[in-house]
Amino acid sequence: MSTSIKTFVFFDLETTGLPQDNPKVTEICLVAVHRCSVENPPRDPATGVPQLPRILDKLCLFMDPGKTVTPKAAEITGLNNINLAKSEKQTFDARTVALIQEFLQRQAQPVCLVAHNGNGYDFPLLKAELVHQGQDLVGQVYCLDTMKALRDLDDYDCPPGGSYTLSALYRRFFKEDPKDSHFAEGDVLAMLVIFLYKASELLEWASTKCGTWAAVKPMYNVQLQQTG
DNA sequence: TGCCAGGCCCTCTTTAGGGCCTT
């Protein structure tokens, strides 16, 4: 399979917990970048860190998960049942799905969702939330897991015992900690900068090794949300 | 009652086991 992706949509979820908890989403952030902004990105001459594209679309939403946020998740994300309820956030409902659909459809097609450990976490969880609403993404949507891709590309310079967490990769490439770790937008922007740093290799990798959204299975079995 | 994520990667591997990675 060879793909000609026009838009990369970097995204991250903050949630109530890990997969064994059948988690629900508390925050989603999507940042869409056209292919032309990924090819040959400019770098800060002093630090070598790639500069964020001037043109990018951003969608960040918080939501009431409708279940208890685990203490660990609340600790690392700063999101809990009290502050989300106090802010009167909506659940992940049909309007949330519509916003995400519109956001994706206004991008140049086809789009590729990009997430760190996306195959193991973000993709199946987003799929579960969509299935819960009786919906799914429309059109041809591709998926790229930056952890899998960077591991594939790392054969030649992986440090022994090197970690592939988002923050460890950021420290390895840029010698500093990423900002706003475990804020969805912070993690998305850290992933975007890492992607830009390895842009030529990742674009080549993406041309033949992307997955498809259609092949993503929900993280867990969900019952259809009753409407009306 | 008892279950409790799972695909990927590495190695002391392939008739397997254990750690990683995501909140």
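Fair warning: this is a prediction, and the values are worked out from it, not measured in the lab. Note on naming: letters A, B, ... go to the chains in the order of the sequence lines (proteins, then strands), and numbering restarts at 1 for each one.
No contact: Leu125(A) has no heavy atom under 4.0 Å from any strand. Residue contacts shown for Asp12(A) are limited to sugar-phosphate atoms, with no base heavy atom under 4.0 Å away.
Spacing between atom CE of Met147(A) and atom C1' of dC20(B) amounts to 7 Å, rounded to whole angstrom units. Between the CG atom of Leu13(A) and the C1' atom of dA5(B) there is a distance of 16 Å, given to the nearest Å. To the nearest angstrom, C1' of dA5(B) lies 11 Å from CG of Asn117(A). The OH-C1' distance, from Tyr220(A) to dA5(B), rounds to 12 Å in whole Å. Distance, Asp145(A) CG to dC21(B) P: 12 Å, rounded to whole Å. Rounded to whole Å, atom C1' of dG6(B) lies 12 Å from atom CG of Leu18(A). Put simply, OH on Tyr121(A) is 18 Å from P on dC20(B), counting in whole angstrom units. Going from atom CG of Leu153(A) over to atom P of dC9(B) covers 12 Å, rounded to whole Å.
Distance noted for atom P between dC8(B) and dC3(B): 27 Å (whole Å). The same atom, P, is picked in dG6(B) and in dC12(B); the two are 28 Å apart, to the nearest Å. The separation of dG17(B) from dT23(B), taken at their P atoms, amounts to 30 Å, rounded to a whole angstrom. If you take atom C1' in dT13(B) and the same atom in dG19(B), they sit 15 Å apart, rounded to whole Å. For the C1' atoms, the distance linking dG7(B) with dT1(B) amounts to 29 Å, nearest Å. Atom name P, nucleotides dC4(B) and dG18(B): the rounded distance is 15 Å, in whole Å.
Residue Lys148(A) has a polar side-chain atom (N or O) positioned under 4.0 Å from OP1 or OP2 of dC9(B). A sub-4.0 Å separation between OP1 or OP2 of dC21(B) and a side-chain N or O of Ser163(A) is present.
For Gln105(A), the CD atom is densely surrounded, since the number of other residues' heavy atoms within 6.0 Å is greater than 12. Atom NZ of Lys72(A) is surrounded by 12 or fewer heavy atoms from other residues, nucleotides or ligands within 6.0 Å.
Heavy-atom distances to DNA chain B give each of Leu166(A) and Asn22(A) a nearest nucleotide, and the one nearer the 5′ end belongs to Asn22(A). Positionally, the nearest nucleotide of DNA chain B for Asn119(A) lies more toward the 5' end than for the other of Ile76(A) and Asn119(A).
Between Val188(A) and Lys58(A), the closest side-chain pair of non-hydrogen atoms is not below 4.5 Å. A 4.5 Å side-chain heavy-atom check between Phe174(A) and Ile194(A) finds at least one atom pair inside the cut-off.
Near DNA chain B, meaning a heavy atom under 4.0 Å from it, residues 176-196 of chain A has His182(A), Asp187(A) in order of number.
The listed nucleotides are dT23(B), dC21(B), dC9(B); the one nearest the side chain of Ala73(A) is dT23(B). Counting only heavy atoms from C-beta on, Arg151(A) has its side chain closest to dC9(B) among dT23(B), dT22(B), dC9(B). Of all nucleotides listed (dC4(B), dT23(B), dC21(B)), dC4(B) comes nearest to the side chain of Gln20(A).
The two residues Ala32(A) and Val9(A) have their closest heavy-atom pair at CB-CG2, 4.0 Å.
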Given Ser181(A) and Tyr170(A), is the side chain to side chain donor-acceptor pair (under 3.5 Å) satisfied, shown in steps?
-> CA-CA 11 Å; Ser181(A) 190; Tyr170(A) 194 95; over 6 Å; no
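Here the side chain of Asp12(A) pairs no donor or acceptor atom with the backbone of Ala115(A) at under 3.5 angstrom.
Between Phe8(A) and Phe195(A), the two ring planes are tilted [angle within 30° to 60°].
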